[in-house]
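See structure below.
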There are 2 protein chains.
Amino acid sequence: MLVLAELVDGVRRFRELHRLIPGISQRMLTLTLRRLQRDGLVSRTAYATIPPQVEYALTELGHTLTGPMRVLADWATEHGAAFAEARRRWDAADGKTESIEAHPHRWPAPKSPSATGSGSR
Amino acid sequence: MLVLAELVDGVRRFRELHRLIPGISQRMLTLTLRRLQRDGLVSRTAYATIPPQVEYALTELGHTLTGPMRVLADWATEHGAAFAEARRRWDAADGKTESIEAHPHRWPAPKSPSATGSGSR
DNA sequence: CGGTATCCCATTGGATACTG
DNA sequence: CAGTATCCAATGGGATACCG
């Protein structure tokens, strides 16, 4: 998906993508690009020069995804902090957030079961 | 993500989710729900009845994702067919789509590109 | 430059059995 | 009902070496 994001700006060469996406291995970049090609989202254009030159670009279908991707990016911008904070809190408490909805039952209830919920507050 | 989609409609019990999401194992459903809880997207409420009853629901943060999810679903509705068709075509040709024009020229003078992707349209 | 081929370890996830 | 625990096969993906 980061690959698609980089291609939104325009045509990119292999090396360029490799540099722009931090931490990705050459192998994974290749595999990712092949899959995106297969899905019809990205086009690959090879030039028969002696240092080979290959350009990747979004296809028309690929461009239809830029809208949805921006929506997702906007969500992350707006709620990403709350998201991370929830994780931090959960990890700190290790699932010890107490909130029990004990309901009556006619059968003998053994004890108080532990309930963990993130929404109750 | 399918789990979140099912929860948009309202509160669901464990069994319900297991039934509604085809092909998911009990193990994976549990792991997925725990992760969503951890991320603050889903709340879990346990009732102390003798057949245990557990309800899952979206938290407020979880509800903020319904918009983005609908956007993605709409994209799939609109372009999913083209997507699948691209795959079918690629698999049928198995990547031997038109050979590249071999002009072993010495230094960069890009001439006739050969698109192996879905670019030329 | 832009890949492919190979090795190899870590993670994922299904199947199954057991529990409160 | 709603899980947890364990085993194990398949897959993912990094590191490295080599090729046109």
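The basis for the numbers below is simple: all heavy atoms, side chains too, and nothing from hydrogens, waters or symmetry mates. Per chain, numbering begins at 1; letters A, B, ... match sequence-line order.
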request  = Taking side chain to side chain donor-acceptor pair (under 3.5 Å) as the test, write out the residues that go with A:R88, two or more places apart.
outcome  = A:E85
request  = Report the residues that fulfil side chain to side chain donor-acceptor pair (under 3.5 Å) with B:Q53, sequence neighbours left out, ordered by chain and then residue number.
outcome  = none
request  = Report the nucleotide, chosen from C:dT4, D:dG20, D:dA2, that has the shortest atom-to-atom distance to any side-chain atom of B:V54.
outcome  = D:dA2
key: Under the side chain to side chain donor-acceptor pair (under 3.5 Å) test, residues paired with B:R13 that sit two or more places apart   = none
Separation of atom CZ in B:R34 from atom P in D:dA2, rounded to whole Å = 12 Å
request  = Kindly say if B:R44 contacts the phosphate of D:dA2, meaning a side-chain N or O under 4.0 Å from OP1 or OP2.
outcome  = no
List, with names and distances, any nitrogen or oxygen atoms from the protein found under 3.5 Å away from nitrogen or oxygen atoms belonging to nucleotides 9-15 of chain C.
| from | atom 1 | to | atom 2 | distance (Å) |
| --- | --- | --- | --- | --- |
| C:dG13 | N7 | B:R27 | NH2 | 2.6 |
| C:dG14 | OP2 | B:S25 | OG | 2.7 |

note = Applying salt bridge (Lys or Arg N to Asp or Glu O under 4.0 Å) to A:R87 and not counting sequence neighbours gives B:D39
ask   = Is the shortest heavy-atom distance from the side chain of B:L17 to the side chain of B:L33 under 4.5 Å?
value = yes
query = CD of A:Q37 versus C1' of C:dG2: gap in Å, rounded?
reply = 13 Å
note = B:Y56 atom OH is separated from D:dC1 atom C1', nearest whole Å, by 11 Å
request  = Applying salt bridge (Lys or Arg N to Asp or Glu O under 4.0 Å), name anything that partners A:E6, two or more places apart in sequence or on another chain.
outcome  = none
message = Tell me the interatomic distance from A:L29, atom CG, to D:dG14, atom P, rounded to whole angstroms.
response = 11 Å
request  = Decide whether B:Y47 and B:E55 meet the rule of one side-chain donor and one side-chain acceptor closer than 3.5 Å.
outcome  = yes
Strand contacts (DNA chain C) in residues 12-22 of chain A, 4.0 angstrom heavy-atom criterion = A:R13, A:F14, A:R15
task = Using the test side chain to side chain contact (heavy atoms under 4.5 Å, CB included), find all partners of A:R19 that sit at least two apart in sequence or belong to another chain.
result = A:E16
What side-chain donor-acceptor pairs closer than 3.5 Å can you find for residues 69-82 of chain A, not counting sequence neighbours?
| from | atom 1 | to | atom 2 | distance (Å) |
| --- | --- | --- | --- | --- |
| A:W75 | NE1 | B:T64 | O | 3.4 |
| A:W75 | NE1 | B:T64 | OG1 | 2.9 |
| A:T77 | OG1 | A:A73 | O | 3.0 |

remark   = Apart from B:V11 itself, members of its ILVMFWY cluster (side-chain separation under 4.5 Å) are none
query = Which residues in residues 1-9 of chain B have at least one heavy atom lying under 4.0 Å from any atom of DNA chain D?
reply = none
query = salt bridge (Lys or Arg N to Asp or Glu O under 4.0 Å) with B:R15: which residues, sequence neighbours excluded?
reply = none
